[in-house]
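Inspection log for the structure reproduced underneath, given as structure tokens.
Order of the sequence lines fixes the chain letters, A, B, ..., with proteins taken first and strands second; residue numbering starts at 1 for each chain. All values derive from a computational prediction rather than experimental measurement.
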There are 2 protein chains.
Amino acid sequence: MTSNDHAHVAPGFPTVGVIGGGQLARMMQQPAIALGVGLRVLATSMQESAAQVVRDVRLGRHDSLDDVMAFAAGCDVVTFDHEHVPVEVLHALEAAGFAVRPSSSALAHAQDKVVMREALTAAGMPCPQWAVAESVSDAVAFGDLVGWPIVAKTSRGGYDGRGVWVLADTASVHELFTSTELSTGVRWLIEERVDFVCELSAQVARSPHGQAVAYPVVRTVQTDGICTEVVAPAPGLTDEQAVEAQVVALTVAGALDVVGMLAVEMFQTRDGRIVINELAMRPHNSGHWSIDGAVTSQFENHLRAVLDLPLGDPSLAAPYAVMVNVLGGDKPDMYHPYLHTMARDPKIRVHMYGKEVRPGRKNGHVTAVGDDLNDLLTRAHHAADYFTGVIDE
Amino acid sequence: MTSNDHAHVAPGFPTVGVIGGGQLARMMQQPAIALGVGLRVLATSMQESAAQVVRDVRLGRHDSLDDVMAFAAGCDVVTFDHEHVPVEVLHALEAAGFAVRPSSSALAHAQDKVVMREALTAAGMPCPQWAVAESVSDAVAFGDLVGWPIVAKTSRGGYDGRGVWVLADTASVHELFTSTELSTGVRWLIEERVDFVCELSAQVARSPHGQAVAYPVVRTVQTDGICTEVVAPAPGLTDEQAVEAQVVALTVAGALDVVGMLAVEMFQTRDGRIVINELAMRPHNSGHWSIDGAVTSQFENHLRAVLDLPLGDPSLAAPYAVMVNVLGGDKPDMYHPYLHTMARDPKIRVHMYGKEVRPGRKNGHVTAVGDDLNDLLTRAHHAADYFTGVIDE
């Protein structure tokens with residue numbers, strides 16, 4: 001620790017550098033304040049979500065080696081609000097002796113879906129049938145084998161549903177693979193299309209010395225590729241199924257040597273199996289409920305993990321928590337709706353991200369915590385819809 | 001609202017200016033982040049507790065008219081982290097059209113204990129017997145009337161036990177009233193010494209249009225004039241006694257037109273009555289438990305109140321919450337003890353204020369939430385003692 005030169009923490013307290021200034025970094029600031037830990041954010045503008053709420057903002061780009069190295073100087077550990085830092089930059093940070101958590105070798109699995117599938121398969125983790133397609137004929141042969149439609153993903157760069165296509169037949173494979181809108185050199189991961197009854201997310205926090213805690217498994221609902229609703233714990237899962245999903249997430253975290261938060265997004269199949277869909281090595285939308293609904297939030301446990309502090313209890317603090325994302329609508333003002341939503345529901349928890357409203361953008365989220373799941377769902381959706389402007393009353 | 005010129009909030013969102021950069025302002029930043037509300041802090045140095053964790057820090061003095069007026073420009077509302085802003089400065093702010101909450105006329109009762117006693121008595125609120133002593137003989141006559149010892153307080157400037165003396169007899173009155181350590185012009189409030197079984201605090205939040213919510217009444221323990229332990233709800237209070245205390249606090253808030261958080265510190269007498277000891281018109285140490293133990297914390301409700309937003313539910317989220325202050329000891333490093341305290345108790349909630357350790361200083365607090373009061377007390381005191389360095393294991 002070299003904290004004595006940090007003017008914005010007490011003596012002996014570390015500073016965590018977060019590359020990326022989005023809402024995930026923003027929400028790390030709340031537990032950083034409680035823990036007395038300094039938070040430094042690398043943002044591209046002072047208007048970014050996290051840059052609005054921390055004192056130590058450094059302007060720069062996550063893909064600039066110079067910017068990132070200058071940013072890291074004086075941080076006790078460097079972590080991330082997204083997975084897009086180029087591997088060369090990560091390697092340079094590590095070569096210079098900075099504590100990078102998660103490490104470049106762990107992050108590789110979140111940056112490249114083929115690398116992820118290879119590692120998960122090697123670790124015996126449940127995956128959909130998958131292959132790398134180097135040609136249209138590779139993909140067609142795979143579809144004929146596992147059944148149509150199939151799913152095609154670019155190995156790198158996708159998120160929130162981008163970079164994923166469902167392909168019904170040979171013609172659609174041909175159209176996609178020869179599309180001029182995609183950069184050349186795309187590596188195609190192709191997967192069977194899983195017939196799922198619901199989507200689940202299992203989150204764990206893991207520290208450098210290997211301590212790990214598992215959050216309750218949650219049910220997620222994706223709309224147009226964006227996570228819109230999360231229920232904790234996932235309704236209808238048996239205890240055995242929930243433990244199975246937690247064990248998968250803990251095993252993945254260990255096998256890939258993840259440090260910090262890991263979200264394992266899964267499908268629950270019609271025949272009761274779980275298969276892994278995606279990984280995220282950072283706090284994740286599926287864990288926002290934990291701010292208000294867990295003893296220790298995912299944001300606090302991310303900080304505790306990357307600082308190699310003992311992890312906090314991830315248990316639910318109530319029988320259920322429901323999180324619904326607040327998406328941008330046509331109305332530019334999300335403050336005036338506070339008068340209605342807060343008066344109608346004194347228990348609703350509101351989280352806004354400081355972003356200008358754009359249609360479909362994640363502008364915030366609301367959480368309802370309690371014991372009546374239907375009531376929580378109704379209240380959370382009402383509040384979110386009112387912010388979006390879908391309902392007027 | 002003139003929020004479009006605030007670069008650190010989304011369009012339409014207001015900025016709250018907080019005069020004072022201590023831990024109370026610091027802890028307002030956490031709900032300000034959630035609400036998307038800008039927080040601007042007037043601090044005397046960039047190392048102050050709140051100045052470490054907000055982007056919009058203005059350096060200046062709370063008793064400088066120029067500093068405060070420059071600070072207020074661009075804020076949608078001005079509020080406080082302490083009660084020491086001179087009345088002339090408050091009047092100037094109000095005359096210039098700024099929304100000052102609580103107002104100068106409400107704050108006068110927290111700034112001057114004689115003004116407070118006069119107003120509470122006029123409102124029919126339960127007070128100890130009191131008088132203003134203009135001479136030693138006034139005080140002696142009062143002591144002979146109500147019984148010795150008596151309590152003497154300077155009408156202005158005291159907090160955390162400073163400015164309060166217990167006087168056993170005529171000689172001690174004489175010694176105090178003629179002390180050369182006190183500035184001349186002190187106005188003496190003298191009160192009967194209440195024979196209390198415990199100290200209580202009843203907190204309410206009140207908004208400009210008169211909505212008010214009452215927090216559960218808590219039991220506080222003061223050590224050397226500093227609040228060291230708070231239990232919510234106060235053990236041993238009957239429902240009737242708790243409601244009586246809440247009604248007193250709500251009545252005081254209305255009678256004095258308080259906006260924001262009000263803490264009414266009370267004595268519970270041996271014969272079951274309550275009498276008011278002190279008032280604080282801001283978030284208060286007796287409400288720190290609410291961050292982890294209530295649906296809506298006192299810091300969020302303070303912001304919601306001064307912004308005239310509907311208030312949040314002040315209910316306990318569990319049967320009990322116990323808060324214990326972390327006082328500075330001989331060890332300068334409070335970070336290393338995280339390894340022990342967090343490993344021993346994954347449910348303990350830690351809040352540090354970013355301050356250098358000084359013996360007896362409030363450096364932070366810990367909170368334990370659950371249903372077994374004795375267990376919570378044991379755990380919270382263990383953690384706090386370990387931080388202080390009173391115990392090594």
Which bit of [X] comes within less than 4.5 Å of chain A, counting heavy atoms only: side chain, backbone, both or neither?
X      : value
B:M27  : neither
B:L39  : neither
B:V357 : neither
B:V54  : backbone

Has [X] got a side-chain atom pairing as donor or acceptor with [Y]'s backbone, closer than 3.5 angstrom?
X     : Y     : result
B:R26 : A:I33 : yes
A:Q29 : B:V53 : yes
B:Q23 : B:A50 : no

Chain B heavy atoms under 4.5 Å from [X]: which part of the residue, side chain, backbone, both or neither?
X      : answer
A:I291 : neither
A:K347 : both
A:E300 : side chain

Under 4.5 Å, counting heavy-atom pairs only, tell me which of [options] racks up the most with chain A.
options                        : answer
B:A51, B:A318, B:P31, B:A32    : B:A51
B:D308, B:L339, B:V57, B:D292  : B:L339
B:P346, B:G36, B:G364, B:A317  : B:P346
B:V37, B:T296, B:V295          : B:V295
B:K355, B:R349, B:Q211, B:M334 : B:R349

Completion exercise
In terms of heavy-atom pairs under 4.5 Å with chain B, the winner among A:H336, A:R304, A:E48, A:E356 is A:R304
Practice task
Report the option among A:P332, A:P310, A:G354 that has the most heavy-atom pairs separated by less than 4.5 Å from atoms of chain B.
Solution key: A:P310
Exercise for the section: Please report the C-alpha distance between B:Y320 and B:D372 in whole Å, then the side-chain angles of each, then the deciding distance to 0.1 Å, and finally whether the side chain to side chain donor-acceptor pair (under 3.5 Å) criterion is met. Expected result: CA-CA 7 Å; B:Y320 288 103; B:D372 181 339; over 6 Å; no
Exercise for the section: Could you label the plane-to-plane angle of the B:Y353 and B:H365 rings as parallel, tilted or perpendicular, counting under 30° as parallel and over 60° as perpendicular? Expected result: tilted
Practice task
Just say parallel, tilted or perpendicular for the rings of B:H382 and B:H340, cut-offs at 30° and 60°.
Solution key: tilted
Problem - Steps toward side chain to side chain donor-acceptor pair (under 3.5 Å) verdict (A:Q52, A:Q47) - result: CA-CA 6 Å; A:Q52 297 173 359; A:Q47 280 71 52; over 6 Å; no
Problem - Test side-chain contact (heavy atoms from CB on, under 4.5 Å) applied to B:H288 and B:L24, B:V230, B:T367, the passing residue - result: B:L24
Exercise for the section: Check whether any side-chain heavy atom of A:H8 sits under 4.5 Å from a side-chain heavy atom of A:T15, and report yes or no. Expected result: yes
